[in-house]
Asker: 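Dumping the structure here so I can ask a few things about it.
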Amino acid sequence: MENFRSLFSCLTPCFDCMESSSFENVPYPRFNASYQPTVRLDVGRMGKNVVILKEGERICGIGGAIATVPIVQNKAYFQVTVQQTGIWGIGLGQKQSPFDKIPCTEKFWGIRDNGDIAKEDQVIAKMAKTVEEGDVVGVTYDHVELKFYVNGKPVDDVITGVKGPVYPMVYVDDSAILDLKFKNFTEEPPAGFGEILVEQTIL
């Protein structure tokens, strides 16, 4: 009975996003011989209590997940909207990141809901203003610096010394819901940066 209650509590934060209008008339991909991998959250590399929706662009529940492809190009950008606040993290991670540990303090480089700018278990700075519900967080990475933008405005501090290969990574808890965009951005990427490319398209 206790296990059932635990499972129900993990899924409760996601009921709202499953009932939202974003699921109306959603086209589902048809798989064929010419299918090319797309960038989205990876259902094979996520926490056991995570729920991934909207064709891999929404995360809720409890835990973390990485994207399906690593960042291999020189200048990459992706975008995250805080759809519902709670406990969350936005940044980069690895296949070996502990997806069930919240907050993630190992093999994770990014920002947290409380304004921490974290380099694994080290908080290197604090954002001047915390990210609020509805804000859009842009993320750029050029294999030297990891930078963040809130509603198009750059965060002063940057993260260096990220160990690769790395993937876009997010985590959630306490009813947080994050929506990701890997293309068709609502905020213009900084000059020189673009959507994450699948490795075959770079060659």
Side-chain angles (χ1 to χ4, degrees), residues 13 17 20 22 39-42 46 50 52-61 63-71 73 75-94 97 99 102-105 107-120 123-160 162 166-196:
C17 57
S20 69
S22 59
V39 186
R40 63 184 67 188
L41 290 175
D42 191 344
M46 67 179 193
V50 165
I52 292 178
L53 304 165
K54 288 183 66 178
E55 297 187 336
E57 293 188 344
R58 172 172 287 182
I59 181 172
C60 53
I66 59 173
T68 50
V69 299
I71 297 176
Q73 73 210 72
K75 293 186 175 184
Y77 175 85
F78 66 97
Q79 180 179 293
V80 183
T81 299
V82 180
Q83 194 71 28
Q84 184 167 299
T85 193
I87 295 173
W88 53 259
I90 299 170
L92 301 177
Q94 298 180 342
S97 299
F99 302 125
I102 305 299
C104 184
T105 56
K107 295 181 173 62
F108 174 79
W109 302 262
I111 61 173
R112 298 173 181 160
D113 59 279
N114 63 358
D116 286 351
I117 301 175
K119 184 177 179 180
E120 297 195 269
V123 177
I124 62 171
K126 196 86 170 179
M127 298 173 63
K129 185 177 182 295
T130 56
V131 178
E132 299 178 352
E133 191 169 295
D135 284 346
V136 177
V137 178
V139 185
T140 62
Y141 182 58
D142 62 4
H143 297 271
V144 177
E145 293 183 333
L146 172 61
K147 295 183 179 181
F148 299 91
Y149 302 76
V150 180
N151 300 324
K153 297 180 179 180
V155 174
D156 291 336
D157 297 280
V158 302
I159 299 175
T160 58
V162 176
V166 288
Y167 300 69
M169 179 175 171
V170 290
Y171 65 76
V172 292
D173 195 356
D174 194 27
S175 301
I177 300 173
L178 302 178
D179 283 354
L180 290 85
K181 278 187 175 292
F182 297 105
K183 59 182 179 179
N184 302 323
F185 307 115
T186 58
E187 296 285 345
E188 189 71 20
F193 288 86
E195 65 183 77
I196 297 169

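Quantities reported herein were computed from a predicted structural model and do not represent experimental measurements. Computed from heavy atoms alone, side chains included, the values below leave out hydrogens, waters and symmetry copies.
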Asker: What I'd like to find out is whether the side chain of Val155 reaches to under 4.5 Å of the side chain of Val150, using heavy atoms alone.
Answerer: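 In contact.
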Asker: To the nearest 0.5 Å, what is the distance between OH on Tyr171 and CD1 on Ile87?
Answerer: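 Between Tyr171 OH and Ile87 CD1, I get 8.5 Å after rounding to 0.5 Å.
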Asker: Output a table of donor-acceptor pairs, distance under 3.5 Å, between side-chain atoms of residues 180-188 and any protein atom two or more places apart or on a different chain; print 'none' if there are none.
Answerer:
from, atom 1, to, atom 2, distance (Å)
Thr186, OG1, Gln79, NE2, 2.7

Asker: Taking C-beta and beyond as the side chain, do Lys126 and Ile117 meet within less than 4.5 Å on heavy atoms?
Answerer: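 The answer is no, as the side chains (C-beta and beyond) never meet within the 4.5 Å cut-off.
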Asker: Mind listing the closest non-hydrogen atom pair of Gln84 and Ser175 along with its distance?
Answerer: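 Looking at all heavy atoms of both residues, the shortest contact is NE2-O, 2.8 Å.
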Asker: Answer whether the closest heavy-atom distance between the side chains of Met46 and Ile59 falls below 4.5 Å.
Answerer: no
Asker: Looking only at atom types and distance, does a side-chain atom of His143 sit under 3.5 Å from a main-chain N or O of Gln73, one as donor and one as acceptor?
Answerer: yes
Asker: Rounded to the nearest 0.5 Å, what separates atom CG in Asp156 from atom NZ in Lys147?
Answerer: 11.0 Å
Asker: Just by distance, do the side chain of Asp113 and the backbone of Trp88 share a donor-acceptor pair under 3.5 Å?
Answerer: yes
Asker: Give, for atom CG of Asn151 and atom CD of Glu132, the distance between the pair rounded to the nearest 0.5 Å.
Answerer: 9.0 Å
Asker: Verify side-chain contact (heavy atoms from CB on, under 4.5 Å) between Leu41 and Val170, making sure each step is shown before the conclusion.
Answerer: CA-CA 9 Å; Leu41 290 175; Val170 290; 4.1 Å; yes
Asker: Nearest 0.5 angstrom please: Met127 CE to Asp116 CG, how far?
Answerer: 10.0 Å
Asker: In the structure I gave you, are the side-chain heavy atoms of Glu195 and Val39 within less than 4.5 Å of one another anywhere?
Answerer: no
Asker: Which atoms form the tightest heavy-atom contact between Ile159 and Ala118, and what is the distance?
Answerer: CD1-O, 3.4 Å
Asker: Start with the C-alpha distance between Val50 and Phe99, add both sets of side-chain angles, then the distance that settles side-chain contact (heavy atoms from CB on, under 4.5 Å), and finish with yes or no.
Answerer: CA-CA 9 Å; Val50 165; Phe99 302 125; over 6 Å; no
Asker: Identify the heavy atoms of Glu133 and Gln83 that sit nearest to each other, and give their distance.
Answerer: CG-O, 3.6 Å
Asker: Find the distance between NZ (Lys129) and CG (Asp135) and round it off to the nearest 0.5 Å.
Answerer: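 Reported value, rounded in 0.5 Å steps: 6.0 Å.
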Asker: Would you please name every residue forming a side-chain hydrogen bond (donor to acceptor under 3.5 Å, both in side chains) with Asp179, sequence neighbours left out?
Answerer: Arg58
Asker: Tell me whether the count of non-hydrogen atoms from other residues, nucleotides or ligands lying under 6.0 Å of NZ in Lys153 goes above 12.
Answerer: no
Asker: Please answer whether the main-chain N or O of Thr140 pairs with a side-chain N or O of Lys75 as donor and acceptor at a distance below 3.5 Å.
Answerer: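 Between the backbone of Thr140 and the side chain of Lys75 there is no qualifying donor-acceptor contact (under 3.5 Å).
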Asker: Check side chain to side chain contact (heavy atoms under 4.5 Å, CB included) between Tyr167 and all other residues, then give those that pass, not counting sequence neighbours.
Answerer: Ile66, Pro70, Lys95
Asker: Does any part of the side chain of Pro168, heavy atoms only, come nearer than 4.5 Å to the side chain of Ile196, both counted from C-beta?
Answerer: yes
Asker: If you compare all heavy atoms of Val166 against all heavy atoms of Trp109, which two are closest, and at what distance to 0.1 Å?
Answerer: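 Closest approach of Val166 to Trp109, heavy atoms only: CG1-CZ3, 4.0 Å.
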Asker: What heavy-atom pair brings Met169 and Cys104 nearest, and what distance separates the two atoms?
Answerer: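 Answer, listing the atom of Met169 first, then Cys104: CE-SG, 3.9 Å.
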Asker: Taking atom CG of Leu92 and atom CD1 of Ile71, what is their separation to the nearest 0.5 Å?
Answerer: 5.0 Å
Asker: Show the nearest heavy-atom pair for residues Phe78 and Gly91, with the distance to one decimal.
Answerer: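 Scanning both residues completely, I find the closest heavy atoms to be CZ-O, 3.5 Å.
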